[in-house]
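Within every chain, numbering begins at 1; the chains are lettered A, B, ... in the order of the sequence lines, protein sequences first and strands thereafter. The structure presented is a predicted model; accordingly, all values stated were derived computationally and were not measured.
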Amino acid sequence: MSSFRSFNPALSKIFLGPLPKFQYNFKHLAKPQQCQEIIDKLDLKSKYPNSANLDIIDIFSGFGLFSTMVNYELKPRNHVIIENTKVNVGHWKERISHLQETTNNKENFHLYAKDGYKWETFDDLIQKDKIVQPSYVPRDKVHDELLIIGNVTPSKFGESLLAQWIMCCIYKNWLQKYGRVRMLCFTPDVTAMKFMSGSSFHKRNKSAIKRELYTESKLVAISEPEDFTEADGSGYDPRLIMKDQPIPLTSRSILPSNGQLALLEIVPKDISAEKYDMYEYVIRSIYFNASQKIKDSLSNIGPGAMEDLSVKLSSSILEKSARELSIDDWSEIFNVYEAWPFKPSLVDTMDIVQDDVRGF
Amino acid sequence: MYKSFLDDLKSKSFDKKKHPNAYSKSFADIDDQSFDRITDEDRKEVSWSSQYDPVTRSPFAKDVIHLHSLLDALLASKNFDRAERILGAIYPLLSNPESFIFTLNEYLKLWALEDTTTLDDVEASLSKFTTKFPATRLNDRTYAILLTKYMSTNTPYIDYISKFTVQKTRQIFTHIDIIGTEGLMEIFKHPEISESHVPNDFIHLFKQVRGELVQDVPQYFTQDLQAPTIEKDSEDLKPVDSFGLKIIRHTLLGLKEETGSGEFEAILKDLEKDLNGHLLHNASETPMSSKRDYFQLYKTLKTQEQKDKFNEALDLFNEARQRQLEIRGVDGAKEKWKHEFEEMQKRGGISLNKGLNAQLFKWYSEFLPYVEEEIKQCQNILLGTIDKEGLSAEELKVIKEREFYAPYLVLVPPQKMCVVTILELLKLTSTGGIDNGMRAARALISVGKAIELEYRSQALVNTEKKVYSKKLKTTNQWKKLLRKKKNVILDSTTNQPNDWSYTVYAKIGAVLVSLLKHVAKVPVKGIDPTTGKSITGSQPAIHHTYKYSNGQKLGVFIIHKEVVKQLAGKSFSNCVQPQLLPMLVPPRPWNSYNDGGYLFSQTQLVRIKDSVETSAYLKAASEMGNLDEIYQGLNVLGNTAWTVNRRVLDVITKHWNTGKEFLDIPPIIEEPNLPKAIPLDAEPNEKFEYQKKVRQAINDAASAKSQRCDTNYKLEIARGFLGEKLFFPHNVDFRGRAYPLSPHFNHLGNDLTRSLFLFWEGKEIGENGLRWLKIHLANVFGIDKAPLAKRVEFVNENLENIFQSAQNPYDPQAWWLKGEKPWQVLSVCFELNEAYKMSDPTKFVSHIPVHQDGTCNGLQHYAALGGDIEGARQVNLLPADKPQDVYSFVASLVQKRIDSEAEEGNKYALFLQDKITRKVVKQTVMTNVYGVTFVGAAAQIKKQLDHHFTKDMEEDVVDYARYLTLHVFASVRELFEGAHHIQDWLGESAKRISKSVRIDYEDSQVANKPNHLSSVIWTTPLGLPCVQPYRVAKNQLIKTNLQDISISDPFGTSQVDARKQQAAFPPNFVHSLDATHMLMTSRSCGEKGLSFAAVHDSYWTHASDVDIMNAEIRNQFVNLHKSNLINQVRDEFEKRYKDCLQVILIPGDHELAKKIKDIRRNIVKSLGRALTVADEIYLEKKRLQLLGSSDPSVVQTGKEMITTVSITEGYNVEELTVSSASSKAFQILVPLKFPEVPERGDLDVELVKESDYFFS
């Protein structure tokens, strides 16, 4: 086991022991070999050459094998583990005190036992408790001194949290205010299938469009299909599988075994957030009828939109459905909408529905 | 024998066979062979909640109603061939084929009476039908149709009549809607007809025809009159923008500006003579001008004789106006739009800011041709002239869709449909939580329903023409006479329900709305972002889009902002639903469960959405004549005449016009007050908070807007009815609580609305009345907890303030503003001020309704049920010197408990010890009756405690609140011990019923999950069957050309919602009692000649009659609680749910469980397959059948038969019950039994009669 380059021998005792019983809906990588393959594929060393200034913020790292291997590979100056499930907090405490004894924690692990789901946690981490002080890096290049690792595999909140992190890429807030910070995110496989879909793929949803608009993302690794008669990568947009060549993970390498997950590498694009609200509204309106042709679904945008906008859009777009639109098509729609004298006001674009108890 | 049952079971299939359904088919897909293969077994009616109730349901009810609606529609458009095919499809679906004659008569009535149909045709058809539909038995209605045919073809009819017995002849003659008044008059002339042939109702007519009747009633009207328009003097009101007002008044007062109607003027002149020329002069500045306020006129009349004369004349005059109001209101709206449109065109151009009416007319004119074209297409389909050859799939789809709604769409003239569609959409704007819009599903259904309503009104008017002959000189007496009878016009149409289905509503709504959407445009201005130049354009006025609500996509229509501004800004509403305004004449008295209320629209006695079961029970009760007392109570409420309080309306209008917030008048808010924008890169939390604030701001603005709309709607109607005599038809909810039918403007509203109501009749106040008027003032001012004498004293001390309030109501410091219900305070101030201007104030004639309210009325009924003496005292059931306050008393009990725990050092008690107040416990005590849950109560109490804690102590407050809630519950329980045992009993009984299993019901449910199909049903002491309508809804998806809509299917037979059934029963039961008490009181007050009104537990009458009403309130309460109501409910339950089984869980290792397992094992062995719950029920059913046999040997076999249920006899299973959480829980079936009725306490209810504060 210790034969893997990125595996920290000081922890071999811990990761060779019996696997924990409960994962609280999280799924984790359990085999060093696969973690190594991923780290190699990510080519992290070349992306973070200056380990002396590198901070890693690691959210819900749980079992933690992958985290410790990235740590051993990159040797950051700070590696903050944000974790608040009781059992995992216990594990990490043990681990860090073990490292304290063996290596004097030169790995620079800090356990921050707060809820990674809450935004306050990050304000407290940096402003109040000052555990790390990430550097600001201009947005013309990708941040090379801060890395986010996040495990959002629980089906209950994973997908929506990932969607919010992607929003932070465009808003330039949260940890993305320090620059274009790379995120390595473990997600449920179904989330990855949707979010990573390209145009025309039937799982292409609103988040996939935003992901494509605001980030450069790659599918790094995927779990084997539950149904072993299916080919690896089934359920994903085939063009994506061809392009990204994700590492297939055996079911035994995932904890709990047979758990389904995917790993995404997400890098924000260098673009302005100014028009985001408009994009959001247009995408949402058109997606009310995702399979309808644009010439019909345009009407959802506002009174008269169908009549006024359709004459300005290229006919190929009008015949497509929302799912079939490419990013360029979307841009064309945004531009036409932007120039529309009768576009709805902000107030009119909000979805407000009060409770209603009346019948017909 | 047992073996043979098992063999049955082996071969038995519980799967139902599938039948073709009719309800989803269009007329084109139905012919007379469609349902020929249905067997008697398939048609068998099944019971709803109990096989012991005479209330059953046909398995094809949904199909039959749909077919009836199609038949009705096809007949109305004279498509007799098509209609005949539908007849053939209906027959095999009827569980009771004898009832087919009603359907056949509907057909005959229209077809046979066509001029082109000969007598021979009719006779030939009849013989054809009786062969084809063998169960058909002709009845007197059929004979009436034939008789009419004889007459219309000039065939000597007297021989035909003479075939029947005298009694039969009398029955035939009752069908006046077929024979017609003129026909009857002709028959009555015939010498062979004698008085014995004539139905009682028509003796009057008979005598008149024979010249035997001496007319001594003055005849005011000799012919149907056009209602004259009478403008009311409302200039001084300065309504914000009067077009809304005008339109209502216009709707109200008829269509054409006709000056003077001779007859009514004649009456007034007549009265004028009596009064030596003062009447009209007094009533109006300019005598005989068009401005007239009937109430002012009426008030000037001195003698009872004059008043009676005036009332009679006004009622007759109003009868005609009411008719106009109900059936021509729609035209009125259109005429108004047109008028304004033409005016604006004259002045050149139409601007939306100035005239919504003109805009609406433009829409209307552009909309109409499309609708006409659509109707033409529908007619072509009905005529079968469409050639489908060579049409594309898309075109065929359109035709298929059209086939479904075509028979219905052709029924209403296109002009009316256009107006109705526009009015409905405007009316729905900003309802249902959609800012500037509405839920699409609701809009489509509403439009569909409004079209149906329009069609039905028209149909009634047509029938009416036949019944009200113009040749008859005494038309109005005749009308009056008929109106008091069971409604002859409605009667003929209600034998078979023929409501349009939701699918029809939705599809018609969708066709009309999409056409309107296509044409309705509004002019808009915008700035071109590239050039910066201002440009104009037009946008659709109705926009279809979606919104997300709780993660669900919701289709909505958004009405263009510019239109909404017109509707909700300064000016208002053109969208009055004429059918649902207050009435100008007393409502038609309730005669049957679906006959009463408005003149030309049919209303059900019980207002309930989509509960076919409730309707079935109601119909059964109605047919058994059990509801008469309910009708009487409601008729008293309906007969109370009201008028609008002009002086209060003046004050309200003045404040309204400022557009500012004042008391409960909401302010004008045009744009939401949005929070300051935050930077784009604000932190996620800030963004979240910001979004929340924005939403809040938009929500606030939207709700202020809709409140203002709502208030405006009320005020507009009030203005329209100024000076009028008005009435409210009432119906009840499923528990029997009464509500006025007109939804927008009625006396149930808030303080502002209530202050607008006066009784039409005035009554001299007298000594006691003056006292009660003062007490009423104190009550509405907020001094309602003091002894009566103190309340009077309070008013006496404030007389000067009261006079000042009346004289200077606009003074910002005026005393009335300080009252708890200021508008009602003001209205009393006006009266008292008037009274004290008189030398003897007791001679003052008062019109204000004085309220008497029950103290915690639910608890009053509980205390009476439980017989709790102390509880009864605290809710004023017992005589006392001053009113008791149950909330303070409970607070004191809680205090005692907390104090003693504080002594023991309990940290919660120590903290809360000094924080127990009346207010803290009030809501929880109040809602306790209505079954508030512990969690709900803890949330109420938390709200009261919140201010003692800082923000970060959130979790602590919850703990403290829970702790305190325990003690509040315990204290209420202590005070109302007996009542709580009753409450528990009600809850437990409901639980058992809703968890029971019927043995008469088999279906395909093979899993080990039993079906729970029985609702909790009870009968109120007045005979109203209350059916809890809580079942698990089954949804149906309806496709329309705009969007798919999903709505619950009223016919989807489904399991009961056990949780709701249980939780709701105790409060519903108590509500059914308070409703009963109200209706009993209403009835007896009516008998005593009082004007009476009620808002649930608040009863109103004239000040001078309060003493009489108070005595009745108490007498009726005693009458109600004299008998043991709970025992009665138990007896009713035992009858209704006899033979039901109950599912319970017992420990799997108990001896009984083992026995049952053995029996099951044996059955499985012989069955050779797994045993289901259905099997067990089947065997038990067979056993009970054997036991019920008249053959002793069969009974013996039954006694020897052992089933999984019979084995439980002799065990006290209640003691064995375990929870489902128990790992060893074992499910068994036992006979349903109800718990023992708890002992009642020693309270003597009679003492209520002595209690001053019971209602005060």
Side-chain angles (χ1 to χ4, degrees), chain A residues 118-123 127 161 164-165 167-168 170-177 272-277 284-290 297-308 335 337-360, chain B residues 431-436 439 441-442 445-446 449 502 505 521-522 524-530 534-535 537-550 553-556 558 560-561 609-610 671-672 674 680-688 691 694-695 697-699 701-703 1047:
Chain A
K118 291 189 172 166
W119 303 110
E120 295 89 28
T121 298
F122 300 91
D123 296 340
Q127 273 114 48
L161 189 54
Q164 292 181 58
W165 286 352
M167 295 310 305
C168 293
I170 175 91
Y171 280 134
K172 306 181 181 69
N173 55 13
W174 182 55
L175 297 175
Q176 297 295 351
K177 67 175 159 236
S272 148
E274 248 168 76
K275 301 198 172 135
Y276 168 71
D277 283 343
R284 173 159 46 97
S285 301
I286 287 183
Y287 250 94
F288 279 132
N289 306 81
S297 54
L298 266 183
S299 71
N300 293 332
I301 292 182
M306 172 141 56
E307 295 80 354
D308 294 357
N335 290 337
Y337 177 81
E338 174 96 274
W340 186 31
F342 303 114
K343 59 176 170 283
S345 70
L346 168 71
V347 172
D348 295 327
T349 62
M350 296 199 64
D351 250 358
I352 305 259
V353 176
Q354 293 158 320
D355 284 339
D356 179 29
V357 288
R358 279 168 289 191
F360 294 112
Chain B
T431 61
I434 312 291
D435 192 15
N436 297 351
R439 282 155 211 252
R442 174 185 292 159
I445 300 280
S446 299
K449 280 190 168 174
Y502 275 95
Y505 294 144
K521 296 266 161 43
V522 288
V524 284
K525 276 188 189 148
I527 307 285
D528 188 321
T530 37
S534 151
I535 56 168
S538 83
Q539 284 191 325
I542 302 157
H543 171 51
H544 179 248
T545 183
Y546 298 87
K547 291 197 181 267
Y548 279 108
S549 166
N550 297 326
K553 194 173 88 174
L554 197 69
V556 296
I558 302 297
H560 200 284
K561 258 188 165 176
K609 189 190 142 207
D610 297 342
E671 289 298 327
L674 293 182
L680 277 172
D681 60 353
E683 285 300 303
N685 258 347
E686 283 175 59
K687 283 204 179 262
F688 181 73
Q691 290 278 340
V694 171
R695 269 161 202 278
I698 295 176
N699 259 332
S703 77
I1047 57 167

**Request:** Can you tell which part of B:Ile558 gets under 4.5 Å to a heavy atom of chain A, answering side chain, backbone, both or neither?
**Result:** neither

**Residue A:Glu274 excluded, over 12 heavy atoms near CD under 6.0 Å** = no

**Complete:** Applying a strict 4.5 Å limit to non-hydrogen atoms, the region of B:Leu680 in contact with chain A is both

**Message:** The criterion is ring-ring contact (aromatic ring centres under 6.0 Å, His included); which residues satisfy it with A:Phe122, sequence neighbours excluded?
**Reply:** A:Trp174

**Prompt:** Considering only heavy atoms, which portion of A:Ser272 lies under 4.5 Å from any heavy atom of chain B: side chain, backbone, both, or neither?
**Reply:** neither

**Prompt:** For A:Asp277, is it the side chain, the backbone, both, or neither that has a heavy atom closer than 4.5 Å to a heavy atom of chain B?
**Reply:** neither

**Choice from B:Ile542, B:Ile527, B:Thr530 maximising heavy atom contacts with chain A below 4.5 Å** = B:Ile527

**Request:** For each of B:His560, B:His544, B:Lys561, tally heavy-atom pairs with chain A at distances under 4.5 Å, and name the one with the top tally.
**Result:** B:Lys561

**Contacting moiety of A:Ile170, where chain B heavy atoms sit under 4.5 Å** = neither

**Item:** Check: A:Lys343 side chain, A:Ala305 main-chain N or O, donor-acceptor pair, under 3.5 Å
**Value:** no

**Item:** N/O donor-acceptor pair under 3.5 Å between A:Asn173 side chain and B:Ala682 backbone
**Value:** yes

**Asked** Looking only at atom types and distance, does a side-chain atom of B:Lys525 sit under 3.5 Å from a main-chain N or O of B:Ser534, one as donor and one as acceptor?
**Response** no

**Item:** Residue, of A:Gly304, A:Ala339, A:Pro303, that accumulates the most heavy atom pairs under 4.5 Å with chain B
**Value:** A:Pro303

**Prompt:** Where does B:Pro684 contact chain A at under 4.5 Å (heavy atoms): side chain, backbone, both or neither?
**Reply:** both

**Prompt:** Which answer fits A:Gln164, side chain, backbone, both or neither, if we ask what part of it has an atom under 4.5 Å from a heavy atom of chain B?
**Reply:** neither

**Request:** Flag the pair B:Tyr548 / A:Phe288 as yes when their ring centroid distance falls below 6.0 Å, and as no otherwise.
**Result:** yes

**Request:** Pick one of side chain, backbone, both or neither for B:Ala697, based on which atoms fall under 4.5 Å of a heavy atom in chain A.
**Result:** neither

**Message:** Let's test your reading of the structure: which of A:Glu307, A:Glu338, A:Glu120 forms the most heavy-atom pairs below 4.5 Å with chain B?
**Reply:** A:Glu120

**Message:** For the backbone of A:Cys168 and the side chain of A:Gln176, can you confirm whether one donor and one acceptor N or O come within less than 3.5 Å of each other?
**Reply:** no

**Request:** With sequence neighbours excluded, tell me which residues meet side chain to side chain contact (heavy atoms under 4.5 Å, CB included) with A:Met306.
**Result:** A:Ser299

